[in-house]
**Student:** 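Sharing a structure with you now.
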Amino acid sequence: DLGQRGVLATGWGGLSRAAVPPSADVFILEAAPHAWLFPRMAAIIHHGGSGTTGAALRAGVPMITVPHAGDQSLWARCVEELGISPAAIPHRQLTADRLAAAILCAVTDQDLRARAALIGERIRAEDGLAQAMAVIERAAASY
């Protein structure tokens, strides 16, 4: 027992409440807005998709990735190289012990936590929409 509570979003991934033993330490829901939920987490465990990875980066919280397919392994390597995530756990290698070790690292490694917080601050300080608009306007002006 790591002394951590969890939120399990069952989402479209096929998880069901019946597959999870009842526990006062795990709150199960279908979905929640990442922008609201992630900043409230001690660590975020997710599949490593680009959108979820981006939301976790923005939140400034350490993450643990469990890649399943596609580009998820790429994003898992990126966040590991940034020093804000323990090594990814490919879904076929996922065990309770491996996940527990990754959670322990994510919630106790102060350097990892500080790097994640710094990256989150930098991302939240960007005005991405204004930058995107400027790129689009420059491109449109060149035609």
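It should be emphasised that the depicted structure is a prediction, and the values quoted were computed from it without experimental measurement.
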**Student:** Going by the rule side-chain contact (heavy atoms from CB on, under 4.5 Å), which residues pair with L74 if we only count those two or more places apart in sequence or in a different chain?
**Tutor:**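 Scan of L74 (side-chain contact (heavy atoms from CB on, under 4.5 Å), adjacent residues dropped) gives R77, C78.
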**Student:** Is the side chain of R113 donor-acceptor paired with the backbone N or O of G60 at a distance under 3.5 Å, no angle test?
**Tutor:** no
**Student:** Could you report the tightest heavy-atom contact between T65 and A88, atom names first, then the distance?
**Tutor:**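 Heavy atoms of T65 and A88 come nearest at OG1-CB, 3.3 Å.
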**Student:** From M63 CE over to F38 CZ, what is the distance, rounded to the nearest 0.5 angstrom?
**Tutor:** 8.5 Å
**Student:** Show me the pairs that pass side chain to side chain donor-acceptor pair (under 3.5 Å) and involve residues 128-143, at least two apart or across chains.
**Tutor:** none
**Student:** Check whether any side-chain heavy atom of L112 lies under 4.5 Å from a side-chain heavy atom of P86, and answer yes or no.
**Tutor:**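 L112 reaches P86 side chain to side chain.
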**Student:** Decide yes or no for L99 and T95: does some side-chain heavy atom of the first lie under 4.5 Å from some side-chain heavy atom of the second?
**Tutor:**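 No, every pair of side-chain atoms sits at 4.5 Å or beyond.
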**Student:** Is the side chain of Q93 donor-acceptor paired with the backbone N or O of P90 at a distance under 3.5 Å, no angle test?
**Tutor:**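 Absent.
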**Student:** Among all residues two or more places apart in sequence or in another chain, which pass the side-chain contact (heavy atoms from CB on, under 4.5 Å) test with D111?
**Tutor:**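 Only D109, R115 meet the side-chain contact (heavy atoms from CB on, under 4.5 Å) criterion with D111.
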**Student:** How close do A106 and I64 get, heavy atom to heavy atom, and via which atoms?
**Tutor:**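 Heavy atoms only, the tightest pair is CB-CD1, 4.0 Å.
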**Student:** Verify the neighbour count for atom CZ of R122: are there more than 12 heavy atoms of other residues, nucleotides or ligands below 6.0 Å?
**Tutor:** no
**Student:** Any heavy-atom pair between the side chains of I44 and P62 that's under 4.5 Å?
**Tutor:**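 Answer no - side chains too far apart.
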**Student:** Could you tell me whether the side chain of V26 reaches within less than 4.5 Å of the side chain of R5, counting heavy atoms only?
**Tutor:**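 No; the side chains remain at least 4.5 Å from each other.
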**Student:** Going by side chain to side chain donor-acceptor pair (under 3.5 Å), name the pairs with one or both residues in residues 27-53, residues two or more places apart or in two chains.
**Tutor:** none
**Student:** May I ask you to test the L82-L57 pair for a side-chain heavy-atom distance under 4.5 Å?
**Tutor:**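 Result yes, sub-4.5 Å side-chain heavy-atom pair found.
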**Student:** When rounded to the nearest 0.5 angstrom, what distance separates CG in D25 from CD in Q4?
**Tutor:** 9.5 Å
**Student:** If you define the side chain from C-beta out and look only at heavy atoms, does anything of I45 sit under 4.5 Å from I103?
**Tutor:**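 Heavy-atom side-chain distance check passes, below 4.5 Å.
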**Student:** Name all residues meeting the side-chain contact (heavy atoms from CB on, under 4.5 Å) criterion together with L37; count only those two or more places apart in sequence or in a different chain, and write none if there are none.
**Tutor:**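 Partners of L37 under the side-chain contact (heavy atoms from CB on, under 4.5 Å) test: V7, A32, M41.
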**Student:** Which residues pass the side-chain contact (heavy atoms from CB on, under 4.5 Å) test with H91, not counting sequence neighbours?
**Tutor:**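 Here the qualifying residues are V66, H68.
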